[in-house]
Amino acid sequence: MSVSAIIIAAVVVAVVGIIIGFFLGFSSEKFKVEVDPKEEAVLEVLPGNNCGGCGFAGCSGLAAAIAKGEAEVGACPVGGDPVANEIASIMGVEAGASVKQVAFVKCAGTCEKAKVDYDYHGVQDCTMMQYVPNGGPKSCNHGCMGYGSCVTACPFDAIHIENGVAVVDKDECKACKKCIEVCPNNLIELVPYDAAVKVNCSSTDKGKTVMQACSVGCIGCKLCEKSCEFDAIKVENNIAHIDYEKCTGCGACAAKCPKKIIF
């Protein structure tokens with residue numbers, strides 16, 4: 001190959017590179033999307049877990065919503081008050097007080113307390129129980145199946161199966177709601193971190209049916225409701241529910257519960 005051919009090739013490559021560089025530079029300016037500086041600042045503060053617990057598509061989605069005023073500054077369940085305060089400072093607003101919440105599994109039907117109808121040796125996944133007889137081997141169709149779909153869903157290793165029932169480590173829980181979304185029996189809910197009283201059952205069956213399936217299930221007797229001076233606990237659809245805005249944690253309902261399912 002001649003020297004002139006090499007020089008020509010080099011010149012052509014250089015010219016093409018210059019043209020492409022100019023085009024890319026022009027395009028980046030022409031079509032660039034303006035980003036709100038506040039959105040970028042909020043995104044820097046957010047923890048970056050992208051868990052979706054805030055209801056948006058990851059931290060970037062939440063940052064954009066906060067910058068537009070479409071989400072509260074304290075919307076990140078993982079960051080909690082410290083992150084909310086930083087975001088409030090960025091947005092120039094007051095963060096306000098918030099109550100830390102954690103997931104709670106409303107079931108006490110451990111291996112010794114919950115009865116089973118048959119031995120099961122299939123796929124260990126709660127979401128698959130709809131395809132097996134009676135919705136799973138446990139006699140109670142409302143309680144924890146114990147196969148750990150919630151454990152798999154939790155991005156923070158905050159929930160584990162203990163003696164056949166899922167148990168939440170409230171110090172590790174970030175209230176992202178992943179476990180709530182995956183539980184087929186809808187027996188996981190968010191409660192205040194320092195809740196003094198909880199109802200550890202989710203069965204809506206009548207008392208006789210409950211006692212046949214589990215030794216510690218709520219039988220809907222309403223003794224807890226009658227004992228509460230603050231109208232903070234109600235029995236609806238055969239199961240007790242606590243209104244944590246009214247509950248003082250006095251423990252009167254727990255003391256009256258004959259099945260000791262309120263603690």
Side-chain angles (χ1 to χ4, degrees), residues 102-153 159-170 179-191 195-228 231-244 247 250-263:
V102 293
F104 172 66
V105 182
K106 300 180 292 181
C107 181
T110 57
C111 297
E112 297 82 14
K113 297 172 182 176
K115 298 176 183 178
V116 294
D117 297 326
Y118 58 89
D119 291 330
Y120 175 72
H121 302 285
V123 178
Q124 303 294 295
D125 190 312
C126 302
T127 60
M128 297 299 293
M129 291 301 103
Q130 60 181 311
Y131 302 110
V132 304
N134 199 35
K138 281 190 174 182
S139 300
C140 177
N141 293 324
H142 303 277
C144 181
M145 302 175 191
Y147 296 118
S149 294
C150 54
V151 176
T152 303
I159 187 167
H160 303 92
I161 303 300
E162 297 180 8
N163 199 13
V165 173
V167 178
V168 176
D169 181 344
K170 68 178 189 178
C179 58
I180 295 176
E181 294 168 0
V182 77
C183 179
N185 279 354
N186 300 310
L187 56 85
I188 306 177
E189 66 179 7
L190 293 183
V191 300
V197 187
K198 303 184 187 76
V199 178
N200 209 14
C201 181
S202 59
S203 177
T204 56
D205 289 336
K206 292 184 177 180
K208 182 179 179 180
T209 303
V210 172
M211 288 190 291
Q212 291 174 343
C214 182
S215 63
V216 292
C218 176
I219 57 177
C221 65
K222 294 192 176 184
L223 287 177
C224 56
E225 182 178 316
K226 295 174 182 177
S227 69
C228 182
D231 195 35
I233 187 166
K234 295 288 184 181
V235 175
E236 299 174 352
N237 197 19
N238 300 317
I239 185 70
H241 300 276
I242 296 175
D243 183 341
Y244 287 105
C247 180
C250 68
C253 57
K256 283 291 184 180
C257 179
K259 305 300 291 185
K260 302 304 176 185
I261 201 62
I262 304 177
F263 66 90

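Note that these values count all heavy atoms, side chains included, but never hydrogens, waters or copies made by symmetry. Note that the structure is a prediction, hence the values are computed from the model and not measured.
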**Student:** If I compare all heavy atoms of Lys115 with all of Met211, which pair ends up nearest, and what's the gap?
**Tutor:** NZ-O, 3.9 Å
**Student:** What pairs meet the side-chain hydrogen bond (donor to acceptor under 3.5 Å, both in side chains) rule with one or both residues in residues 198-219, with sequence neighbours excluded?
**Tutor:** His142-Asp205
**Student:** Output yes when a side-chain donor or acceptor of Tyr244 lies under 3.5 Å from a complementary backbone atom of Ala232, and no otherwise.
**Tutor:** no
**Student:** List the atom pairs, with distances to 0.1 Å, where a side-chain N or O of residues 219-227 and a protein N or O form a donor-acceptor pair under 3.5 Å, not counting sequence neighbours.
**Tutor:**
{"unit_1": "Glu225", "atom_1": "OE1", "unit_2": "Val235", "atom_2": "N", "d": "2.8"}
{"unit_1": "Ser227", "atom_1": "OG", "unit_2": "Leu223", "atom_2": "O", "d": "3.3"}
{"unit_1": "Ser227", "atom_1": "OG", "unit_2": "Cys224", "atom_2": "O", "d": "2.8"}

**Student:** So which heavy atom on Asn141 is nearest to which on Lys138, and how close?
**Tutor:** OD1-O, 4.0 Å
**Student:** For Tyr147, which residues count as a ring pair (Phe, Tyr, Trp, His ring centres under 6.0 Å) partner, sequence neighbours excluded?
**Tutor:** Tyr120
**Student:** Specify the closest pair of heavy atoms between Ser149 and Asp125, including all atoms of both residues, with the distance to one decimal.
**Tutor:** OG-OD1, 2.8 Å
**Student:** Taking all non-hydrogen atoms of both residues, which atom of Thr127 and which atom of Val182 are closest, and how far apart?
**Tutor:** CG2-O, 3.8 Å
**Student:** Check Cys228 against Asp231 and note the closest heavy-atom contact, atom names and distance.
**Tutor:** SG-N, 3.5 Å
**Student:** Is the shortest heavy-atom distance from the side chain of Asn238 to the side chain of Val210 under 4.5 Å?
**Tutor:** no
**Student:** Got more than 12 heavy atoms from elsewhere within 6.0 Å of NZ, Lys256?
**Tutor:** no
**Student:** Are any non-hydrogen side-chain atoms of Cys201 and Ile239 less than 4.5 angstrom apart?
**Tutor:** yes
**Student:** Only one of Cys150, Pro184, Cys183 clears side-chain contact (heavy atoms from CB on, under 4.5 Å) with Cys126; which?
**Tutor:** Pro184
**Student:** Any non-hydrogen side-chain atom of Leu187 less than 4.5 Å from a side-chain atom of Val105?
**Tutor:** yes
